Asks: 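Right, I'll just put the structure down here and ask away after.
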There are 2 protein chains.
Amino acid sequence: MGDITIKELAQKLGVSISTISKALSNSHEISAATREKVLAGVRKYKYTPNPNASSLRKKRSNTIAVIIPEVADSFFSQALKGIESIAQNVDYHVLIYLTYESFYKERMILNEIKSGRVDGVLMSISSETSNSHHITALRDRNIPIVFFDRVLEETETAKVVTDDFESSFKATEHLLERGCKHIAYLSTSRHLSINNDRRNGYLEALVKHNIDPSKHTVVQCSNHPEYNLGMVRKLLQQEERPDGIIASIEKLTSSIYDVCKELNISIPGQLKVITFSNLDIASILSPSLTTITQPAFEIGRTAAAILLKALQKKKLAIRNERIVIPSVLVKRGSTN
Amino acid sequence: MGDITIKELAQKLGVSISTISKALSNSHEISAATREKVLAGVRKYKYTPNPNASSLRKKRSNTIAVIIPEVADSFFSQALKGIESIAQNVDYHVLIYLTYESFYKERMILNEIKSGRVDGVLMSISSETSNSHHITALRDRNIPIVFFDRVLEETETAKVVTDDFESSFKATEHLLERGCKHIAYLSTSRHLSINNDRRNGYLEALVKHNIDPSKHTVVQCSNHPEYNLGMVRKLLQQEERPDGIIASIEKLTSSIYDVCKELNISIPGQLKVITFSNLDIASILSPSLTTITQPAFEIGRTAAAILLKALQKKKLAIRNERIVIPSVLVKRGSTN
DNA sequence: GGAAACTACGAAAACGTTTTCTTAGTATTT
DNA sequence: AAATACTAAGAAAACGTTTTCGTAGTTTCC
């Protein structure tokens with residue numbers, strides 16, 4: 001039993017092809033009686049329109065692409081979940097692509113999808129991405145794109161982000177309140193605007209509280225766990241080691257806890273720690289971890305909603321807006 | 001600048017449509033000279049074939065669907081990563097669908113994709129799924145399916161799983177070795193074969209070591225965190241409370257740790273804990289968590305490889321085989 | 001009561017490819 | 001030298017829809 005085509009169905013029902021097509025799209029040209037007849041036939045013979053034929057003719061695929069650096073990550077997996085939940089509601093399909101933080105892959109992927117496979121794109125850029133030629137190419141083809149979390153500032157479109165600057169600022173102040181004198185910031189890629197926002201929030205808080213600039217420490221981390229572990233170890237082994245850490249990457253948490261155990265540094269006694277993280281088991285770490293928790297699911301939902309709403313309209317134009325959904329600082333044992 | 005079609009390109013190059021199509025598929029009917037000319041034109045005008053037209057004609061979409069209950073979960077997100085990595089290599093596209101453990105949604109999704117949108121399906125069934133009518137419908141349409149992790153035993157196709165029975169057996173023996181006398185098993189849905197395998201491994205180990213049947217405790221958990229928390233609390237509040245726990249669901253970890261803190265039960269002193277989990281931060285929990293770690297990424301890769309290899313062949317037939325990739329028991333603080 | 005508008009449907013064009021069928025020209029065989 | 005096979009290309013059919021266009025038959029309007 002293969003598929004039944006509209007032609008075969010038309011024959012069985014004794015109506016024309018166009019009648020069926022129109023009936024299924026609730027055209028007013030079709031009388032209630034024949035519409036019913038068609039619907040009955042559709043049910044009886046389990047007819048479903050071929051999506052490729054339909055997309056070809058309609059120039060619309062009912063599919064969006066989600067392009068993210070990584071999925072085995074609490075933020076991105078939750079965001080993806082948010083996106084999928086919206087898409088499912090409006091009968092859109094979701095293609096997933098991972099860039100593994102590679103600009104090269106990101107370009108390849110965008111190139112692959114720019115010819116009618118998708119109606120729109122949701123994207124969080126790779127940490128290597130520094131220019132927007134590949135994005136422009138997409139938009140030239142009239143494929144709208146909405147950024148979430150890791151945005152490309154120079155592109156004029158909707159961007160759904162969290163309040164990175166403020167979160168970081170508050171986190172820093174929280175550490176200062178708890179008595180930290182020397183706070184280090186573990187940064188991610190310098191190309192990412194979220195990283196710069198976070199770093200600036202951190203720096204500004206230090207300045208506001210008159211912290212000696214010699215105590216401003218920004219450690220540049222990478223995508224390589226080994227390298228990062230080394231950096232953390234180096235940081236905590238030095239003479240004037242910090243008494244507070246703000247980590248911009250969730251994956252650094254393990255490194256920090258491990259190094260502290262290795263070097264016999266007590267958390268929060270000798271070192272207080274805050275991480276940008278969405279892990280719900282942060283509370284059962286030892287000690288429980290103070291986090292800046294991003295509204296990942298909500299960010300995904302919002303970005304998807306904006307894109308899909310735009311796609312419903314005839315004249316699709318996405319406003320160049322910035323939607324900020326605040327993170328929350330969850331204070332736990334590691335900053336006690 | 002919209003897309004350029006094959007027709008327009010043909011005009012510009014002064015060749016026929018079919019020549020271009022053939023040149024691009026390396027047909028021997030095209031001379032080296034014209035092939036070069038065509039390729040140059042393709043580059044110059046940035047021509048990419050429209051995938052819908054191509055799929056329609058070729059009856060092949062170069063797309064697979066991944067259907068899983070959840071993505072914000074360390075196992076599934078890693079498996080998805082494995083799948084995507086294979087698909088990217090062979091230029092296949094990946095549609096993602098979440099069932100949220102709902103049989104109803106699972107059926108809807110399969111119904112949606114069964115008419116040419118995808119060439120094949122990779123799936124881990126929902127915990128509610130108890131029959132395979134919806135799967136049969138897919139296969140009637142000649143769409144192959146490969147199961148991973150949560151398989152439907154009755155369906156004849158490839159299944160990529162881990163050694164649930166053995167893992168559970170070993171985990172139970174590990175607890176017995178560490179002196180546990182009363183071990184409880186926290187189960188997931190009774191419909192899932194992996195759950196039954198794990199439970200049987202647990203039971204068999206108890207029998208082998210002559211544990212009194214009154215000390216066999218299987219707690220049936222659900223998909224509702226609240227409910228599960230209640231069950232765990234009830235379990236640990238009872239008179240004859242267990243001194244060992246094997247949790248079949250990663251998400252139960254938090255509940256167990258929380259309840260222990262609440263009731264002042266020390267891990268591993270009064271209760272030893274093992275969880276089926278892929279969280280890489282299990283090592284920095286307090287105490288660090290002994291886990292049965294599944295080869296999630298490998299499972300995803302393997303399942304994808306089998307499906308995609310089958311799709312390359314003319315006559316697609318997937319052997320009814322069972323591929324077992326072993327989990328590893330990582331002994332840590334919670335069973336010390 | 002004739003023109004105009006509307007209703008309900010079918011025929012045919014169109015979407016952009018891939019593939020099959022032809023064909024003109026050249027090379028090979030007998 | 002005629003018959004045959006091969007080469008390289010184009011013309012046209014096909015994939016399964018949606019949409020435009022055309023048209024009988026009916027209703028509405030002066």
Side-chain angles (χ1 to χ4, degrees), chain A residues 2-39 41-42 45-63 112-119 141-142 314, chain B residues 2-39 41-42 45-63 112-119 141-142 314:
Chain A
D3 316 322
I4 181 177
T5 75
I6 197 173
K7 204 183 208 167
E8 291 161 357
L9 183 61
Q11 216 139 29
K12 297 207 195 252
L13 298 187
V15 300
S16 77
I17 298 184
S18 27
T19 300
I20 296 185
S21 180
K22 287 172 188 165
L24 287 179
S25 59
N26 288 320
S27 162
H28 64 272
E29 289 185 14
I30 302 299
S31 73
T34 41
R35 188 195 317 287
E36 255 324 304
K37 179 167 144 197
V38 168
L39 290 181
V42 164
Y45 297 104
K46 300 194 200 312
Y47 167 72
T48 8
N50 177 306
N52 290 314
S54 177
S55 295
L56 174 59
R57 182 60 236 239
K58 292 204 289 187
K59 292 178 172 301
R60 159 174 279 269
S61 63
N62 274 258
T63 305
E112 261 286 311
I113 63 176
K114 73 168 189 283
S115 350
R117 194 177 291 273
V118 302
D119 297 340
R141 300 278 182 119
N142 261 320
K314 326 260 111 146
Chain B
D3 315 323
I4 179 176
T5 76
I6 197 172
K7 204 183 209 165
E8 291 161 355
L9 183 61
Q11 215 140 31
K12 298 210 193 246
L13 298 185
V15 299
S16 78
I17 296 184
S18 27
T19 299
I20 294 183
S21 181
K22 287 172 188 167
L24 287 178
S25 59
N26 288 318
S27 163
H28 63 274
E29 289 185 15
I30 302 299
S31 73
T34 41
R35 188 195 318 287
E36 255 324 303
K37 181 168 143 196
V38 168
L39 291 181
V42 164
Y45 298 105
K46 299 195 202 311
Y47 167 72
T48 10
N50 177 305
N52 290 314
S54 178
S55 295
L56 174 59
R57 182 61 234 240
K58 292 204 290 187
K59 293 179 172 300
R60 159 174 282 270
S61 64
N62 274 258
T63 305
E112 261 285 313
I113 64 175
K114 73 167 189 284
S115 350
R117 194 177 291 273
V118 302
D119 298 339
R141 301 278 182 121
N142 260 318
K314 326 261 110 135

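Scope of the values below: all heavy atoms of this structure, side chains included, with no hydrogens, waters or symmetry mates. All chains are named by letter (A, B, ...) in the order of the sequence lines, taking the proteins before the strands, and each is independently numbered beginning at 1. Please read all numbers here as calculations on a predicted model, not as lab measurements.
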Asks: Which residues pass the salt bridge (Lys or Arg N to Asp or Glu O under 4.0 Å) test with B:Glu8, not counting sequence neighbours?
Replies: none
Asks: For DNA chain C, which residues in residues 28-36 of chain B have a heavy atom at a distance below 4.0 Å?
Replies: none
Asks: What is the first contacted nucleotide of DNA chain D and what is the last, in 5' to 3' order, if contact means an atom lying under 4.0 angstrom from a heavy atom of chain B?
Replies: D:dA8 to D:dG16
Asks: Kindly give the heavy-atom pair with the smallest separation between A:Leu56 and B:Ala53, and that separation in Å.
Replies: CD1-CB, 3.8 Å
Asks: Mind checking A:Thr5 for me? I need base, sugar-phosphate or nothing, with any heavy atom below 4.0 Å counting as a touch.
Replies: sugar-phosphate
Asks: So how far is it from A:Asp119 CG to A:Asn142 CG, rounded to the nearest 0.5 Å?
Replies: 11.5 Å
Asks: Can you tell me how far the CG atom of A:Leu13 sits from the CD atom of A:Gln11, to the nearest 0.5 Å?
Replies: 10.5 Å
Asks: Are A:Ile4 and A:Lys46 close enough that some pair of their side-chain heavy atoms sits under 4.5 Å apart?
Replies: no
Asks: Any side-chain heavy-atom pair from A:Arg117 and A:Thr63 closer than 4.5 angstrom?
Replies: no
Asks: What's the separation between atom CG in B:Leu39 and atom NZ in B:Lys37, rounded to the nearest 0.5 Å?
Replies: 12.5 Å
Asks: Please give me every residue in residues 6-20 of chain A whose heavy atoms get under 4.0 Å of an atom in DNA chain C, ordered by residue number.
Replies: A:Val15, A:Ser16, A:Ser18, A:Thr19
Asks: Do B:Lys114 and A:Asp3 pass the side-chain contact (heavy atoms from CB on, under 4.5 Å) test, and can you show the C-alpha distance, the side-chain angles, and the key distance before you say yes or no?
Replies: CA-CA 9 Å; B:Lys114 73 167 189 284; A:Asp3 316 322; over 6 Å; no
Asks: Look at all strands and tell whether A:Lys59 reaches a base, only sugar-phosphate, or nothing, counting heavy atoms closer than 4.0 Å.
Replies: sugar-phosphate
Asks: Between A:Ile20 and A:Val15, is any pair of side-chain heavy atoms under 4.5 Å apart?
Replies: yes
Asks: Please find the pair of heavy atoms, one from B:Pro49 and one from A:Ser115, that lie closest to each other, and give the distance.
Replies: O-CB, 4.2 Å
Asks: With a 4.5 Å heavy-atom cut-off, do A:Pro51 and A:Asn62 have their side chains touching?
Replies: no
Asks: So which heavy atom on A:Thr5 is nearest to which on A:Tyr47, and how close?
Replies: C-CE1, 3.8 Å
Asks: Hey, could you give me the NZ/CG distance between B:Lys58 and A:Asn52, rounded to the nearest 0.5 Å?
Replies: 11.5 Å
Asks: Write down the protein N/O and nucleotide N/O pairs, taken from nucleotides 23-26 of chain C, whose separation is under 3.5 Å; answer none if there are no such pairs.
Replies:
none

Asks: If I take atom CG from residue B:Leu9 and atom OG1 from residue B:Thr19, how far apart are they, to the nearest 0.5 angstrom?
Replies: 11.0 Å
Asks: Should B:Thr48 and A:Glu112 count as side-chain neighbours, where that means a heavy-atom distance under 4.5 Å?
Replies: no
Asks: Please work out which residues in residues 47-57 of chain B have a non-hydrogen atom less than 4.0 Å from an atom of DNA chain D and list them by number.
Replies: B:Leu56, B:Arg57
